[in-house]
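Lettering of chains follows the sequences in order, A, B, ..., and the numbering in each one begins at 1. Values in this document were obtained by computation on a predicted structure and should not be read as measured data. When reading the values below, keep in mind they use all heavy atoms of this one structure, side chains included, and skip hydrogens, waters and symmetry mates.
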Protein chains: 2
Amino acid sequence: MLSYMVNYQTRLDRTFAALVDPTRRAILAQLEGRDSASVSELAEPFVIKLPAVMKHLDVLDDAGLITRSKSGRTVTVRLRPQPLREAMAWLQRYERFWSGRLDGLAAYAENKEAEARGTGR
Amino acid sequence: MLSYMVNYQTRLDRTFAALVDPTRRAILAQLEGRDSASVSELAEPFVIKLPAVMKHLDVLDDAGLITRSKSGRTVTVRLRPQPLREAMAWLQRYERFWSGRLDGLAAYAENKEAEARGTGR
């Protein structure tokens, strides 16, 4: 159980670290729309050079967010969504703060914030 | 519009960077359960020293994830959920990959992954 929790925290560390970079987020967004893409297809929209794109792919692969498979000279990249799901599940704990189902505490906090904005803070 | 997009990307950068650290995630998780907490209350469950906790609070504050207000000697910390909401909205784009509403492409990708697992990759 402890080792699962440690692994869970480490996975979240790596997932969020991979998502910090806007180029890596843009790569994932490209993969969201299609089943798979070659590295050169993925690199095309970016002004950065291919080796820089490859480095970002390494980070995404290490974080388990993509898989790469080689066939001849072509490397095919696919999204591996499980870590994104885990990160989203973590964020969903906070959903009550912005959902219609605000409970007493959250409503109170939101009111306080509105007040703070009202007084120019 | 361009400046909005730049700000949006910068906000996501900062939010995900703040979430990379497990202590910072644990601080946010503590704030999820209550309206507000003092810095010493927040620091209590951690083995790390108070100055280290304060540094984490600085990062969370810079990312807009908490607000701090001082009254006498007590600093009260509150969750500011908006950036978490934005990060979750970003991740929700990928929801179709794991939801029941898998479309053709995603189902195909999942099958391929299952196949890859089946062959011991």
TODO: Identify which part of B:Ala18 has an atom lying under 4.5 Å from any heavy atom of chain A, answering side chain, backbone, both or neither.
DONE: neither

Open item on the list: For B:Thr76, give me all partners under side-chain contact (heavy atoms from CB on, under 4.5 Å), at least two apart in sequence or on another chain.
Closed with: B:Ser36, B:Ser69, B:Thr74, B:Arg78

Task: Pairs meeting criterion salt bridge (charged side-chain N to carboxylate O under 4.0 Å, His left out) with involvement of residues 6-22 of chain B, two or more places apart - done: A:Arg25-B:Asp13, B:Arg11-B:Glu86

Task: Pairs of heavy atoms under 4.5 Å with chain A: top-ranked of B:Gln92, B:Met88, B:Gln9, B:Arg85 - done: B:Arg85

Open item on the list: Restricting to non-hydrogen atoms, name the atom on B:Leu12 and the atom on B:Ala87 that form the minimum distance, rounded to 0.1 Å.
Closed with: CD2-CA, 3.9 Å

Task: Spacing of CG belonging to A:Leu19 relative to CG belonging to A:Leu84, to within rounding of 0.5 Å - done: 6.0 Å

- [ ] Answer with side chain, backbone, both or neither: which region of B:Leu28 has an atom nearer than 4.5 Å to a non-hydrogen atom of chain A?
- [x] both

